[in-house]
A.B. asks: 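What follows is a single structure, and I will ask about it in a moment.
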Amino acid sequence: MKNITLHMPLPILGLMLLLAIFARILYPLPVSAGSAEQTEIRLTVEEKNWLTEHPRIYVGVMDSWPPLNYLDQNKTPSGIGVEYLGALNKLLGGRLVPVPAPFKENYDRVLDGQLDAIMDITQRPDREPLFNFTRPYIVIPHVIVGRKDGVYFNSEKDLKGKTVALERGFFNVIHFGKNFPEAVIREYASSSEALDAVSRGEADAYAGNRAVVIHLIEKELLNNLKLMGKLDGPKSTLQIAVSKNNPILAAILDKTLGAVPEAEQNAIYSKWVSLEYKHKVDYSIIWKVVVAALVIVVLSLLWNRSLGKEIAIRKKAEEELQANQMHLEELLRERTIYTVELQEAKELAEAADRIKSAFLATMSHELRTPLNSIIGFTGILLQGMSGAINEEQAKQLGMVKNSANHLLSLISDVLDISKIEAGQLTVSCEPFNLKASILKEVQTVRPMAEHKGLELNVDIIEESVTVNGDGRRAEQILLNLLSNAVKFTEQGSILVSCIRKADCYLTSVTDTGIGIRNDELDRLFMPFHQIDNGLSRNYEGTGLGLSICKKLAELMGGEVGAHSEYGKGSTFWFTLPIALTEP
């Protein structure tokens, strides 16, 4: 057995180096407070005696509000609040015990005397007669979240006549109902469901805690959402509350919060919110790193393309060798060694391709966190939330944000194709209304078409078009085909049609655009393939969209295809199986 050494390609080594630089810039090592950190709390004799009589103090925490407080996959309390309880326990001898439950349940149990205190609560006039409050342990602004392809919302005033998704029972419901009644409020059971409604187009925007938004967008891969303006009203000023019947405990907890070292607060905040607490970032370095990262990713993609061609060459050589083997029996003995070496090379190439796909999927995911931080942070600076900036600074920050958004879009495509190639992408297979999805995506691209003066029509005769597949992925395919049609059509019209053919429905998008030469059609659905260098300069793109569409359609049991006449237009189509109904 030969010893095999895998050499890491230069672009990947550069990408790993860039990740290390990102980590140091955005997540520096916690600063040690040394002898200046407080390690004791100045308690009165009465407070010390109270602690002696109460070896366990039970604190209610929310069980489903990540990353503030929630239960992880092992049903263990986790989050920012639980981390603060850990910091307090270092000073109180481990007395504090987190009790996870819904907020209303914890609220009532404190008032009934079943719990000693509650976290995740904000001091308000209606609560002051019932509780004593500590100082805040964290203050997080509330932001508006919308779709990347939608209207930008600067403040609550921009949401007039729009549907806003909010968590049921949260104060934002009262805030909008009282101060902005023109907004249409739709309530959901959780922050995750509310954000998903915006992602699916069921609502226009979401308003809520910035840390929760960043955590859920990253965790649930809601790539089509982005942070927009900051709310003028509520923000999450989170404190610990104790019943009015127990003022001594409230005083103890307040003093203990004041004794938590600032370095430890920095570590907690940066771990969960992806932004350093009271930390200034060198934006000139960020700009240089973003540009360098873009170059490294492009080099990685070129290397990936080269590796794909090498695999194709190896496979083709093996097929030709097997086809001619019957006519070359006299040379079989001489060719045996070559065939074995060729097979080993093929296996090595395929193994490298799998490792590459898994690596890119992982690294693309890891790159999103610092990029989302850069986008969010530059957005905050551009809005003047951290102080006024001059015109030149605004111009440079705008370039940083545009570059980061472009890089994030590129990484999202790489993440999709890498998951597909690594076999990590799964799709659901259940009945859904394809006609509704078509009408939805047509409305999504209609503003782009109208901006170019294009006529956009839909031709669907049947009232109900029910197919088997993943509705979200089908919409991704259709949106890609529609976006390409608008991009490559300068005048004329675009027609979307859906007809039944045997055991499937065929959906097609026909445009009057630039068309495609016959010799390009066979390679159109290959990864990283673009029509030619001239078009690549005029029309941006990675060459991954149609390849992803092909893979998704095949995973759902369908097909994709295209026919075109150069200079006159193109038709792209895909099929999905008809949903079977029980007799």
Side-chain angles (χ1 to χ4, degrees), residues 145-150 163 165 186 188-206 213 216-226 361 364-365 368 408-409 411-446 458 460 464-485 496 498 504-509 525 544-560 572-579:
V145 178
R147 290 185 296 280
K148 292 179 180 178
D149 58 358
T163 300
R186 182 170 291 176
Y188 294 85
S190 67
S191 305
S192 177
E193 292 181 17
L195 283 169
D196 184 63
V198 180
S199 177
R200 292 183 289 102
E202 189 175 294
D204 298 302
Y206 164 85
V213 167
L216 290 176
I217 289 178
E218 170 66 21
K219 177 183 176 183
E220 301 185 10
L221 299 178
L222 300 173
N223 298 333
N224 65 332
L225 298 185
K226 69 175 180 179
S364 297
H365 178 74
R368 291 159 52 94
L408 184 60
S409 176
I411 290 172
S412 295
D413 279 350
V414 173
L415 180 59
D416 272 349
I417 196 68
S418 297
K419 280 188 173 182
I420 291 172
E421 291 180 354
Q424 297 176 2
L425 185 70
T426 59
V427 297
S428 62
C429 187
E430 57 187 15
F432 72 94
N433 189 344
L434 179 59
K435 180 176 181 179
S437 296
I438 293 172
L439 295 177
K440 172 186 171 183
E441 297 308 322
V442 167
Q443 290 303 114
T444 300
V445 301
R446 188 174 295 279
V458 179
I460 306 176
S464 176
V465 180
T466 304
V467 297
N468 264 340
D470 189 319
R472 180 181 173 189
R473 294 301 184 179
E475 291 174 2
Q476 181 178 349
I477 295 172
L478 184 60
L479 181 59
N480 188 286
L481 299 184
L482 281 169
S483 299
N484 282 348
V496 183
C498 182
C504 68
Y505 275 101
L506 183 144
T507 304
S508 60
V509 178
F525 294 92
L544 288 173
L546 291 177
S547 175
I548 292 173
C549 290
K550 182 176 185 296
K551 298 291 186 180
L552 291 177
E554 290 173 351
L555 285 174
M556 291 186 289
E559 297 178 332
V560 296
F572 284 80
W573 56 265
F574 68 95
T575 64
L576 290 176
I578 295 173

A.B. asks: To check you understand the geometry: which heavy-atom pair defines the closest contact between Ser192 and Glu220, and what is its length?
C.D. replies: OG-OE2, 2.5 Å

A.B. asks: With a 4.5 Å heavy-atom cut-off, do Val509 and Leu478 have their side chains touching?
C.D. replies: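 They are in side-chain contact.
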
A.B. asks: Closest approach of Ala203 and Ala165, non-hydrogen atoms and distance?
C.D. replies: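 Closest pair (atom of Ala203, atom of Ala165, distance): CB-CB, 3.9 Å.
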
A.B. asks: Could you measure the distance from the CZ atom of Arg472 to the OG atom of Ser199? Nearest 0.5 Å is fine.
C.D. replies: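 Between atom CZ of Arg472 and atom OG of Ser199 there are 5.5 Å.
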
A.B. asks: Search all heavy atoms of Phe574 against all heavy atoms of Ile477 and return the closest pair with its distance.
C.D. replies: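 So the minimum-distance heavy-atom pair works out to CD2-CG2, 3.9 Å.
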
A.B. asks: What pair of heavy atoms forms the shortest contact from Cys498 to Tyr505, and how long is it?
C.D. replies: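 Where Cys498 meets Tyr505 most closely, the heavy atoms are SG-CD2, 4.0 Å.
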
A.B. asks: If the condition is side chain to side chain contact (heavy atoms under 4.5 Å, CB included), which residues does Arg186 pass it with, not counting sequence neighbours?
C.D. replies: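 Testing Arg186 for side chain to side chain contact (heavy atoms under 4.5 Å, CB included), a comparison that skips the adjacent residues, returns Thr163, Tyr188, Glu202.
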
A.B. asks: Residues two or more places apart in sequence or in another chain: which of them pass side-chain hydrogen bond (donor to acceptor under 3.5 Å, both in side chains) with Ser483?
C.D. replies: none

A.B. asks: State, to 0.1 Å, how close Val198 and Asp204 come at their nearest heavy-atom pair, and which atoms those are.
C.D. replies: CG1-O, 3.9 Å

A.B. asks: Taking atom CZ of Arg446 and atom CG of Leu482, what is their separation to the nearest 0.5 Å?
C.D. replies: 10.0 Å

A.B. asks: Rounded at 0.5 Å granularity, tell me how far CG in Asp149 sits from CG in Leu479.
C.D. replies: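 If I round to the nearest 0.5 Å, the distance is 7.0 Å.
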
A.B. asks: Roughly how far apart are Ser437 OG and Arg200 CZ, rounded to 0.5 Å?
C.D. replies: 11.0 Å

A.B. asks: Taking the side chain as every heavy atom from C-beta outward, state whether Leu546 and Asn480 have any pair of such atoms under 4.5 Å apart.
C.D. replies: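 With C-beta onward as the side chain, the pair touches.
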
A.B. asks: Output all residues satisfying side chain to side chain contact (heavy atoms under 4.5 Å, CB included) with Pro431, sequence neighbours left out; order by chain, then residue number.
C.D. replies: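 For Pro431, the residues satisfying side chain to side chain contact (heavy atoms under 4.5 Å, CB included) (neighbours in sequence not counted) are Thr466, Asn468, Ala579.
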
A.B. asks: Taking side chain to side chain contact (heavy atoms under 4.5 Å, CB included) as the definition, give me every residue that meets it alongside Ala436, ordered by chain and number, with sequence neighbours left out.
C.D. replies: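 Ala436 satisfies side chain to side chain contact (heavy atoms under 4.5 Å, CB included) with Asn433 only.
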
A.B. asks: Is there side-chain contact between Arg147 and Leu225, with heavy atoms separated by less than 4.5 Å?
C.D. replies: yes

A.B. asks: Atom CD of Glu441 and atom CG of Leu481: how far apart are they, to the nearest 0.5 Å?
C.D. replies: 11.0 Å

A.B. asks: Does Glu559 have any side chain to side chain contact (heavy atoms under 4.5 Å, CB included) partners at least two apart in sequence or in another chain, and if so, which?
C.D. replies: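 With sequence neighbours excluded, Glu559 shows a side chain to side chain contact (heavy atoms under 4.5 Å, CB included) to Trp573, Thr575, given in chain and number order.
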
A.B. asks: Side chains of Gln476 and Leu552: closer than 4.5 Å at any heavy-atom pair?
C.D. replies: yes

A.B. asks: Does Thr507 have any side-chain hydrogen bond (donor to acceptor under 3.5 Å, both in side chains) partners at least two apart in sequence or in another chain, and if so, which?
C.D. replies: none

A.B. asks: Using side-chain heavy atoms (C-beta onward) and a distance below 4.5 Å, is Val560 in contact with Phe525?
C.D. replies: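 Side chain of Val560 against side chain of Phe525, heavy atoms only: contact under 4.5 Å found.
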
A.B. asks: Identify the heavy atoms of Ser191 and Leu216 that sit nearest to each other, and give their distance.
C.D. replies: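 Scanning both residues completely, I find the closest heavy atoms to be CB-CD1, 3.6 Å.
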
A.B. asks: Measure from the side-chain N and O atoms of Thr444 to the backbone N and O of Lys440, and report whether any donor-acceptor pair falls under 3.5 Å.
C.D. replies: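 Flag set: sc Thr444 to bb Lys440 pair under 3.5 Å.
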
